[in-house]
S.K.: 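Dumping the structure here so I can ask a few things about it.
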Amino acid sequence: MKAIQHIGYGEISESIKFSEIEKPTINKDEVLIEIFAASVNPLGIKVLNGKWKTKKNYTLPATLGYDVSGKIVAVGEHVTGFNIGDDVYTYHNKQGTFAEFVAISQDNISLKPKNLNFEEASSLPLVSLTALQALQRGQLKFGDKILIHAGSGGVGSIAIQIAKAKGAYVYTTTSTDNVEWVKALGADRVIDYKTEDYKTIVKDLDIVLDPLGDPYTEDAFKVIKEGGKVISLVGPPDEETAKKMGANQDDLKQKRQKITEQMELKSASYSLVILKANAKQLDEITQLVEAQKIQPVIDKVFPFKDTLKAFLHVKNGRTKGKVVIKMK
Ligand SMILES: NC(=O)c1ccc[n+]([C@@H]2O[C@H](COP(=O)([O-])OP(=O)(O)OC[C@H]3O[C@@H](n4cnc5c(N)ncnc54)[C@H](OP(=O)(O)O)[C@@H]3O)[C@@H](O)[C@H]2O)c1
């Protein structure tokens, strides 16, 4: 089968290539999915740069891609919840969805929302699980005031909609061109970072969701209330996350020093969220989509043959929602 593989580190154009590889076989708990669409995430760029490894023993060549939607074409003998012919979607934490087929454990897949086509469905798993897990880490509740930075990004555009569905008051930041469509996602106050300084507009927030990193992570403490929560997707690992990652605590203490000082001043909390595959949570997303509480936001759909162009487009960092690769 055809697959897009990671073959080296460096320039993206030299790091990936089309390969002809063996079609995967399934074990007893897996299903084989014929892939109709997949989507590109900044995480994929970090993998290509060597800044992130999907697993400890990550070796090249490796088939790229985390998000997938498609049809089940074979099921292992222990698979009970799914049948051949089911339309499914998921975030595949082991990577390998930029291909014609992928084998995934039945525990990690969900039925595709009935009201979405395959391209739309493939745009959702990684970003919607990230958004949901970040909002849950922040214990977002009805009436909370939250600032979601980069509301026009893959994660931000879904986080806004989930936070609104949960009854929060949502502030978000984006640039001038995106203000109107981001407002239409339901954000209560869209702050145009080209013309406004969010730090003079928001204060006493319950939560800040930070997908941008330095200086936004530290500055988040200036706009939260006493006891507020800063949830980052890209900042330094908090102590608990660092322990789980087996990271060097002394190095991290230094990196976190300014954050720690701010936390103490505001009696606040800080967490780095690292997304996990979770089919139950993806089922929750499916329900929100089918209830029309959230909708996918797609910037552009590229044919499979143009996957490199899709990567380069995401690398620019200016995408409006998600970039999708159409296989079928
Ligand atoms: N920890 C995890 O598990 C996890 C999971 C998912 C993602 N992430 C990370 O989170 C980050 C965001 O992911 P994503 O998929 O949302 O990225 P993305 O879709 O590539 O984000 C692009 C968007 O960011 C906006 N943006 C850039 N600079 C901005 C600024 N200074 N203020 C406000 N908006 C700004 C851009 O809007 P403008 O063009 O208007 O500037 C654009 O719409 C990435 O670094 C990703 O790797 C981490």
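Position 1 is the first residue of the sequence; numbering continues from there. Remember, it's 1-based here, ligands and their atoms both numbered in the order they're listed. Not measured: the values here are computed from a predicted model.
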S.K.: Going by the ring pair (Phe, Tyr, Trp, His ring centres under 6.0 Å) test, which pairs reach into residues 245-291, not counting sequence neighbours?
M.R.: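 Not a single pair qualifies under ring pair (Phe, Tyr, Trp, His ring centres under 6.0 Å).
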S.K.: State which residues pass side-chain contact (heavy atoms from CB on, under 4.5 Å) with A165; sequence neighbours excluded, sorted by chain then number.
M.R.: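 Applying side-chain contact (heavy atoms from CB on, under 4.5 Å) to A165 gives L288, K293.
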S.K.: Is H149 near ligand 1, meaning one of its heavy atoms is under 4.0 Å from it?
M.R.: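 Contact check H149 vs ligand 1: negative.
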S.K.: Has T174 got any heavy atom lying under 4.0 angstrom from an atom of ligand 1?
M.R.: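 The answer is yes: ligand 1 sits under 4.0 Å from a heavy atom of T174.
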S.K.: Tell me the nearest of Y91, Y193, Y216 to atom 33 (C) of ligand 1, using heavy-atom distances.
M.R.: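 Among Y91, Y193, Y216, the closest heavy atom to atom 33 (C) of ligand 1 belongs to Y193.
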S.K.: Taking the side chain as C-beta and beyond, is there a heavy-atom pair between V314 and N41 under 4.5 Å?
M.R.: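 When only atoms from C-beta onward are counted, N41 and V314 do not touch, as no gap falls below 4.5 Å.
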S.K.: So if I count the atoms of ligand 1 from 1 in the order they appear, which ones are less than 4.0 Å from some heavy atom of P211?
M.R.: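 Matching atoms, with element in brackets: 10 (O), 11 (C), 12 (C).
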S.K.: Strictly under 4.0 Å, does any heavy atom of V314 approach an atom of ligand 1?
M.R.: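 In this structure, V314 fails to qualify as a contact of ligand 1 - no heavy atom is under 4.0 Å.
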S.K.: Within the 3.5 Å criterion, strictly below it, is a donor on T241 or D238 matched to an acceptor on the partner's side chain?
M.R.: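 Yes, because at least one side-chain N or O of T241 sits under 3.5 Å from a partner of the opposite role on D238.
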S.K.: Has ligand 1 got any nitrogen or oxygen that is less than 3.5 angstrom from a nitrogen or oxygen of V273?
M.R.: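 Yes; the residue has a nitrogen or oxygen that sits under 3.5 Å from a nitrogen or oxygen of the ligand.
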S.K.: Please confirm whether I45 comes under 4.0 Å of ligand 1, counting heavy atoms of the residue only.
M.R.: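 Not so, I45 does not reach ligand 1.
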S.K.: If you measure only the distance, is there a donor-acceptor pair under 3.5 Å linking the side chains of T130 and Y91?
M.R.: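 Y91 and T130 do not have a side-chain donor-acceptor pair below 3.5 Å.
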S.K.: Heavy-atom distances under 4.0 Å are what count here, so tell me which part of T130 touches ligand 1: side chain, backbone, both or neither.
M.R.: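 Answer for T130: side chain.
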S.K.: Quick check: does K320 get an N/O under 3.5 Å from an N/O on ligand 1?
M.R.: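 Between K320 and ligand 1 (N or O atoms, distance only) the closest approach is not under 3.5 Å.
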